[in-house]
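Working notes for the structure below.
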2 protein chains.
Amino acid sequence: MIQNVCDSDFGSVIKNRNQELLDSFGSHLRKLRKHRGMSQEELAYEADIPISQVGRIERGEINVTISTLYLIAKAMNMELKDLVNFR
Amino acid sequence: MIQNVCDSDFGSVIKNRNQELLDSFGSHLRKLRKHRGMSQEELAYEADIPISQVGRIERGEINVTISTLYLIAKAMNMELKDLVNFR
DNA sequence: TTGAATCAACTCATATATGCGCTATTTTTA
DNA sequence: TAAAAATAGCGCATATATGAGTTGATTCAA
């Protein structure tokens, strides 16, 4: 079978041009969450977003939007600027 | 003709649940940009994003992602946390 | 007035974030 | 070890961010 280099499902092959940013934000968020003793489920509930979304963000799989960042910050009782203060 | 309340083009009718956030971030960005004496075109060029995107963000039309925020911050020679320090 | 610069406001295609449901795996706890 | 809790990692539908154009309005300078 011929391999398709431009396969549309990508599979850990092609990454976002800002993958490092997403990875490091994900790690940062996970650290903040655990430091507060929250589970992904608790954070998701407080932020009113799906739990699957929290997991995807922490694993650096998605490029989170400012409105989701805001909901997460509020759920963790912190300011947006502190949530994105990493690296 | 019957009016479709759920019209897909929305027309200043339905807004994002975080519209206020998007509006105020847009104003904030515009202020920061002008304070630096940059045009939308210059910012777009430096951040390597389309000029149309800069306009849409400043007008609060879109829910910008963290990677775009990062590119904009870099283009304005500032840190991400300072870019989202508003309200 | 004429031209240049700036920005608003659209169209369109494509990629992807979000939201939801589900199962499998891993980790923690009893 | 066994059960429970937490997380990973899918699949899918829908909404929307991004990227690349175009046109028109406005402002400002020559």
Side-chain angles (χ1 to χ4, degrees), chain A residues 4 6-19 21-23 25-27 29-75 84, chain B residues 4-19 21-23 25-27 29-75 83-84:
Chain A
N4 182 358
C6 295
D7 203 321
S8 60
D9 88 325
F10 306 104
S12 72
V13 177
I14 298 185
K15 292 193 168 194
N16 188 295
R17 67 169 162 164
N18 292 294
Q19 190 56 51
L21 177 81
L22 304 188
D23 286 341
F25 175 70
S27 303
L29 173 59
R30 175 161 295 177
K31 201 168 63 179
L32 289 174
R33 175 179 60 78
K34 286 186 177 291
H35 187 261
R36 283 166 175 70
M38 298 176 84
S39 67
Q40 289 183 346
E41 191 175 18
E42 284 177 304
L43 176 56
Y45 177 78
E46 293 297 330
D48 193 25
I49 60 178
I51 183 175
S52 61
Q53 193 76 350
V54 175
R56 285 181 291 201
I57 294 167
E58 288 189 351
R59 293 192 295 275
E61 291 178 4
I62 58 175
N63 192 359
V64 62
T65 63
I66 193 173
S67 71
T68 299
L69 288 171
Y70 175 73
L71 293 173
I72 290 173
K74 210 167 52 166
V84 299
Chain B
N4 182 357
V5 180
C6 296
D7 204 319
S8 62
D9 89 325
F10 308 103
S12 72
V13 177
I14 298 184
K15 291 193 168 191
N16 188 295
R17 66 170 164 166
N18 293 295
Q19 190 56 52
L21 177 81
L22 304 187
D23 286 339
F25 175 69
S27 303
L29 174 59
R30 175 161 295 175
K31 202 168 64 180
L32 289 173
R33 175 179 60 79
K34 285 186 177 292
H35 186 262
R36 281 166 175 70
M38 297 176 84
S39 66
Q40 289 184 345
E41 189 174 18
E42 284 176 306
L43 175 57
Y45 177 79
E46 293 297 331
D48 193 24
I49 60 179
I51 183 176
S52 61
Q53 193 74 349
V54 175
R56 286 181 290 202
I57 294 166
E58 289 189 351
R59 293 191 296 276
E61 291 178 4
I62 58 174
N63 194 358
V64 62
T65 63
I66 192 173
S67 71
T68 299
L69 287 172
Y70 175 73
L71 293 172
I72 290 173
K74 210 168 52 167
L83 178 59
V84 299

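Chain letters run A, B, ... following the sequence lines, proteins first and then strands; every chain starts at 1.
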Check: Should B:Ile66 and A:Thr65 be marked as a side chain to side chain contact (heavy atoms under 4.5 Å, CB included) after you check the CA-CA gap, both sets of side-chain angles, and the distance that decides it?
Finding: CA-CA 6 Å; B:Ile66 192 173; A:Thr65 63; over 6 Å; no
Expressed in angstrom and rounded to an integer, what is the separation of [X] atom [atom1] from [N] atom [atom2]?
{"X": "A:Tyr70", "N": "C:dT18", "atom1": "OH", "atom2": "P", "answer": "16 Å"}
{"X": "A:Tyr45", "N": "C:dG19", "atom1": "OH", "atom2": "P", "answer": "16 Å"}
{"X": "A:Ile62", "N": "D:dG9", "atom1": "CD1", "atom2": "P", "answer": "14 Å"}
{"X": "B:Ile66", "N": "D:dT16", "atom1": "CD1", "atom2": "P", "answer": "21 Å"}
{"X": "B:Leu71", "N": "D:dT18", "atom1": "CG", "atom2": "C1'", "answer": "12 Å"}
{"X": "B:Leu69", "N": "C:dA17", "atom1": "CG", "atom2": "P", "answer": "13 Å"}

Any N/O pairs under 3.5 Å between the protein and nucleotides 6-15 of chain C? List them or say none.
{"from": "C:dC7", "atom 1": "OP1", "to": "B:Arg33", "atom 2": "NH1", "distance (Å)": "3.0"}
{"from": "C:dC7", "atom 1": "OP2", "to": "B:Gln40", "atom 2": "N", "distance (Å)": "2.7"}
{"from": "C:dA8", "atom 1": "OP1", "to": "B:Arg30", "atom 2": "NH1", "distance (Å)": "3.0"}
{"from": "C:dA8", "atom 1": "OP1", "to": "B:Arg30", "atom 2": "NH2", "distance (Å)": "2.5"}
{"from": "C:dA8", "atom 1": "OP2", "to": "B:Arg30", "atom 2": "NH2", "distance (Å)": "3.4"}
{"from": "C:dA8", "atom 1": "OP2", "to": "B:Gln40", "atom 2": "NE2", "distance (Å)": "2.8"}
{"from": "C:dA8", "atom 1": "OP2", "to": "B:Arg59", "atom 2": "NH1", "distance (Å)": "3.1"}

Note to self: Strictly below 4.0 Å: does B:Thr68 bring a side-chain N or O up to OP1 or OP2 of D:dT18?
What the structure shows: yes
Notebook entry, point to check: Taking only side-chain nitrogens and oxygens of B:Gln53, does any of them come within less than 4.0 Å of OP1 or OP2 of D:dT18?
Noted result: yes
Using a cut-off of under 3.5 Å, enumerate the N/O to N/O pairs linking the protein to nucleotides 26-30 of chain D.
none

Item checked: Criterion side-chain contact (heavy atoms from CB on, under 4.5 Å) against B:Leu29, the qualifying member of B:Leu69, B:Leu83, B:Val64 -> B:Leu83
Check: So, A:Arg33 and A:Glu58, do they make that salt bridge, N to O below 4.0 Å?
Finding: yes
Checklist line | Evaluation steps, side chain to side chain contact (heavy atoms under 4.5 Å, CB included), between A:Gln19 and A:Leu22 | finding: CA-CA 5 Å; A:Gln19 190 56 51; A:Leu22 304 188; 4.2 Å; yes
Next item on the list: Could you list the residues that satisfy salt bridge (charged side-chain N to carboxylate O under 4.0 Å, His left out) with B:Arg56, not counting sequence neighbours?
Entry: none
Next item on the list: Check salt bridge (charged side-chain N to carboxylate O under 4.0 Å, His left out) between A:Glu61 and all other residues, then give those that pass, not counting sequence neighbours.
Entry: A:Arg59
Next item on the list: Take B:Glu46 and B:Lys74 through the test side chain to side chain contact (heavy atoms under 4.5 Å, CB included) and record every step on the way to the result.
Entry: CA-CA 8 Å; B:Glu46 293 297 331; B:Lys74 210 168 52 167; over 6 Å; no
Check: For the helix from C:dT1-D:dA30 to C:dA30-D:dT1, what angle lies between the axis at the first five pairs and the axis at the last five pairs, to 10 degrees?
Finding: 60°
Notebook entry, point to check: For the residue pair A:Asp23 and A:Gly60, what are the closest heavy atoms and their distance?
Noted result: OD1-CA, 3.9 Å
Notebook entry, point to check: Of all heavy-atom pairs between B:Ala44 and B:Val54, which one has the smallest distance, and what is that distance?
Noted result: CB-CG2, 3.8 Å
Note to self: Does B:Gln40 form a side chain to side chain contact (heavy atoms under 4.5 Å, CB included) with B:Arg30? I'd like the steps, not just the answer.
What the structure shows: CA-CA 9 Å; B:Gln40 289 184 345; B:Arg30 175 161 295 175; 3.6 Å; yes
Note to self: To the nearest 0.5 Å, what is the distance between CD1 on B:Ile72 and OG on B:Ser67?
What the structure shows: 9.5 Å
Note to self: Once rounded to the nearest 0.5 Å, what's the spacing between atom OH of A:Tyr45 and atom CD1 of A:Ile51?
What the structure shows: 13.5 Å
Interface polar pairs with nucleotides 26-30 of chain C, N/O, under 3.5 angstrom:
none

Item checked: Short side-chain to backbone donor-acceptor contact, A:Gln53 and A:Pro50, under 3.5 Å -> no
